[in-house]
**Student:** 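The structure under discussion is supplied below as structure tokens; questions concerning it will follow.
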Amino acid sequence: MRGKIISVEGIEGAGKSTVIQFLVDFLRQRGHTVVSTREPGGTPLAENIRHLLLQTDMTESITPETELLLMFAARAQHIQHVVKPALQAGKWVVSDRFVDASYAYQGGGRQVDYQRIAWLDTWIVADCQPEIVFLLDIEPALGLARAKNRPGSQDRIELEKEIFFTQVRAAYLQRAHENPTRFCIIDATQTPAQVCAAIARRLEML
Ligand code: Z5A
């Protein structure tokens, strides 16, 4: 038996963290063993790469290419050490972001050529693709306003301007339209209860 991957995507403040616990609980109640993880991160080395990627006190700017390659370096560790072993053991993997974030942020936001991302995707992710990608869709102005209300300081990517998140959102939506069976777009302006209900409806179809 092979488990499945479910990822949750969206721009800053879309409400991913809020729905992930619901998703995990829902799957566990249906008898699945679930591994809850995140990208970039999920292993000690990948979490170190995450820290490098998100820190704000760098004396040197990170190029879009470096950012992309670090995302995939973290992903390679995550897939080999967490995702594949879980799937092989029949577990389900719920990931707070996965490969589609690279198309949206590095492709849409940083304008890295999609073909380069697709090449890395084929190499590193291969058949470890999510069964469902829940895309929590929200206008950047609203997402950023929500995120600003949270405690804690903003990371390097969160400090980007609204136009960056507009490009990221457009890339996510384009990817969703290109992959309609895999993606499930959820209106993230709804209440948390309505968002979770929409997620449950899609999971019931599995
Ligand atoms: N990144 C990348 O560039 N390339 C890649 O390949 C990958 C990632 C994998 C870290 O990700 C960064 O890495 C991320 C993309 C980049 N940078 N950015 N931006 P992350 O997922 O850890 O970080 P994040 O996007 O900053 O997550 P977030 O801001 O925590 O988003 P969220 O989880 O969607 O938000 P939330 O904490 O659940 O909700 C935000 C607030 O809104 C909070 O106060 C909630 O109580 C509130 N909220 C949530 N839902 C609702 C609803 N429905 N109504 C009203 N209020 C709500």
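Remember, it's 1-based here, ligands and their atoms both numbered in the order they're listed. Only a predicted model underlies this, so the values are computations on that prediction, with no experimental measurement involved.
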**Student:** Consider every N or O of Gly15 and every N or O of ligand 1, then say whether any pair is closer than 3.5 Å.
**Tutor:** yes

**Student:** Using a 4.0 Å heavy-atom cut-off, which part of Arg97 comes near ligand 1: side chain, backbone, both, or neither?
**Tutor:** side chain

**Student:** Against heavy atoms of Arg146, which atoms of ligand 1 measure under 4.0 Å?
**Tutor:** 41 (C), 42 (O), 50 (N), 51 (C), 52 (C), 53 (N), 54 (N), 55 (C), 56 (N), 57 (C)

**Student:** Are there over 12 heavy-atom neighbours, none belonging to Arg116, within less than 6.0 Å of that residue's CZ?
**Tutor:** no

**Student:** Using a strict 4.0 Å cut-off to heavy atoms of Asp96, name the atoms of ligand 1 that fall inside it.
**Tutor:** 21 (O)

**Student:** Counting only nitrogen or oxygen atoms and a 3.5 angstrom limit, does Thr191 reach ligand 1?
**Tutor:** no

**Student:** Where the side chain of Thr66 meets the backbone of Ile62, is there a donor-acceptor pair that is under 3.5 Å apart?
**Tutor:** no

**Student:** Among protein heavy atoms, which sits nearest to atom 27 (O) of ligand 1, and what does the distance come to when rounded to 0.1 Å?
**Tutor:** Lys16 NZ, 3.4 Å

**Student:** With Arg30 as the cation and Phe26 as the aromatic partner, state whether NZ or CZ is under 6.0 Å from the six-membered ring centre and within 45° of the axis.
**Tutor:** yes

**Student:** To the nearest 0.1 Å, how far is atom 2 (C) of ligand 1 from its closest protein heavy atom, and which atom is that?
**Tutor:** Met71 CE, 3.2 Å

**Student:** Write out the residue and atom name of the closest protein heavy atom to atom 33 (O) of ligand 1, then the distance separating them to 0.1 Å.
**Tutor:** Ser17 OG, 2.5 Å

**Student:** If you measure every N/O of Arg38 against every N/O of ligand 1, is any gap under 3.5 Å?
**Tutor:** no

**Student:** Would you list the pairs meeting salt bridge (Lys or Arg N to Asp or Glu O under 4.0 Å) in which at least one residue belongs to residues 54-67, sequence neighbours left out?
**Tutor:** Glu67-Arg110, Glu67-Arg156

**Student:** Remaining members of Phe183's ILVMFWY cluster at a side-chain heavy-atom cut-off under 4.5 Å?
**Tutor:** Ile11, Leu45, Ile49, Leu53, Leu54, Leu70, Met71, Tyr105, Val133, Leu135, Ile138, Leu142, Leu144, Ile157, Phe164, Phe165, Val168, Tyr172, Leu173, Ile185

**Student:** Can you tell me if Gln21 and Asp25 form a side-chain donor-acceptor pair at under 3.5 Å?
**Tutor:** yes

**Student:** Can a non-hydrogen atom of Ala147 be found less than 4.0 Å from any atom of ligand 1?
**Tutor:** no

**Student:** Are the side chain of Gln111 and the backbone of Gly108 linked by a donor-acceptor contact shorter than 3.5 Å?
**Tutor:** yes

**Student:** Should Arg75 be counted as touching ligand 1, given the test is an N or O pair under 3.5 Å?
**Tutor:** yes

**Student:** Note the single closest protein heavy atom to atom 17 (N) of ligand 1, along with its residue, its atom name and the distance in Å.
**Tutor:** Ile157 CG2, 3.4 Å

**Student:** Among all the protein's non-hydrogen atoms, which is closest to atom 31 (O) of ligand 1, and how far away is it?
**Tutor:** Gly13 N, 3.4 Å

**Student:** Relative to the ring of Phe98, is the ring of His78 parallel (under 30°), tilted (30 to 60°) or perpendicular (over 60°)?
**Tutor:** perpendicular

**Student:** Quick test: of every protein heavy atom, which one is nearest to atom 22 (O) of ligand 1, and how far off is it to 0.1 Å?
**Tutor:** Arg50 NH2, 2.6 Å

**Student:** Which of the atoms in ligand 1, numbered in the order shown and given with their element, are less than 4.0 Å from a heavy-atom of Pro40?
**Tutor:** 7 (C), 8 (C), 9 (C), 13 (O)

**Student:** Numbering the atoms of ligand 1 from 1, which are under 4.0 Å from a heavy atom of Phe165?
**Tutor:** 19 (N)

**Student:** Verify, without hydrogens or angle tests, whether Asp155 (side chain) and Glu158 (backbone) share a donor-acceptor contact under 3.5 angstrom.
**Tutor:** yes

**Student:** Going by the salt bridge (charged side-chain N to carboxylate O under 4.0 Å, His left out) test, name the single residue among Arg146, Arg97, Arg169, Arg150 that passes it with Glu12.
**Tutor:** Arg150

**Student:** Could you walk me through whether Val93 and Lys4 pass the side chain to side chain contact (heavy atoms under 4.5 Å, CB included) check?
**Tutor:** CA-CA 6 Å; Val93 175; Lys4 296 180 195 302; over 6 Å; no

**Student:** Report yes if Glu39 has an N/O atom closer than 3.5 Å to an N/O atom of ligand 1; otherwise report no.
**Tutor:** no

**Student:** Check whether the side chains of Thr33 and Arg28 place a donor and an acceptor atom closer than 3.5 Å, and report yes or no.
**Tutor:** no

**Student:** Treating Glu47 as the side-chain partner and Gly42 as the backbone partner, does any N or O pair qualify as donor plus acceptor under 3.5 Å?
**Tutor:** yes

**Student:** Test your reading of the structure: does Asp155 have an N or O sitting under 3.5 Å from an N or O of ligand 1?
**Tutor:** no

**Student:** For Ile117, does its backbone N or O pair with a side-chain atom of Asp121 as donor and acceptor, under 3.5 Å?
**Tutor:** no

**Student:** How far is atom 30 (O) of ligand 1 from the closest protein heavy atom, and which atom is that?
**Tutor:** Arg150 NH1, 2.6 Å

**Student:** Number the atoms of ligand 1 from 1 as they appear, then name those within less than 4.0 Å of a heavy atom of Ala14, with their elements.
**Tutor:** 34 (O)

**Student:** Counting each atom of ligand 1 from 1 as listed, which ones have a heavy atom of Pro192 under 4.0 Å away?
**Tutor:** 52 (C), 53 (N), 54 (N)

**Student:** At what distance is the nearest protein heavy atom to atom 49 (C) of ligand 1, and which residue and atom is it?
**Tutor:** Thr18 OG1, 3.4 Å

**Student:** Give the atoms of ligand 1, by number and element, whose distance to some non-hydrogen atom of Ser102 is under 4.0 Å.
**Tutor:** 5 (C), 6 (O)

**Student:** Please lay out, stage by stage, how Glu131 and Leu206 fare under the test side chain to side chain contact (heavy atoms under 4.5 Å, CB included).
**Tutor:** CA-CA 9 Å; Glu131 183 81 10; Leu206 275 178; 4.0 Å; yes

**Student:** Decide whether the shortest distance between a heavy atom of Gln190 and an atom of ligand 1 is less than 4.0 Å.
**Tutor:** yes

**Student:** Please identify which atoms of ligand 1 are closer than 4.0 Å to at least one heavy atom of Gln106.
**Tutor:** 2 (C), 3 (O), 4 (N), 5 (C), 6 (O)

**Student:** Taking only non-hydrogen atoms of Glu67, do any sit less than 4.0 angstrom from ligand 1?
**Tutor:** no

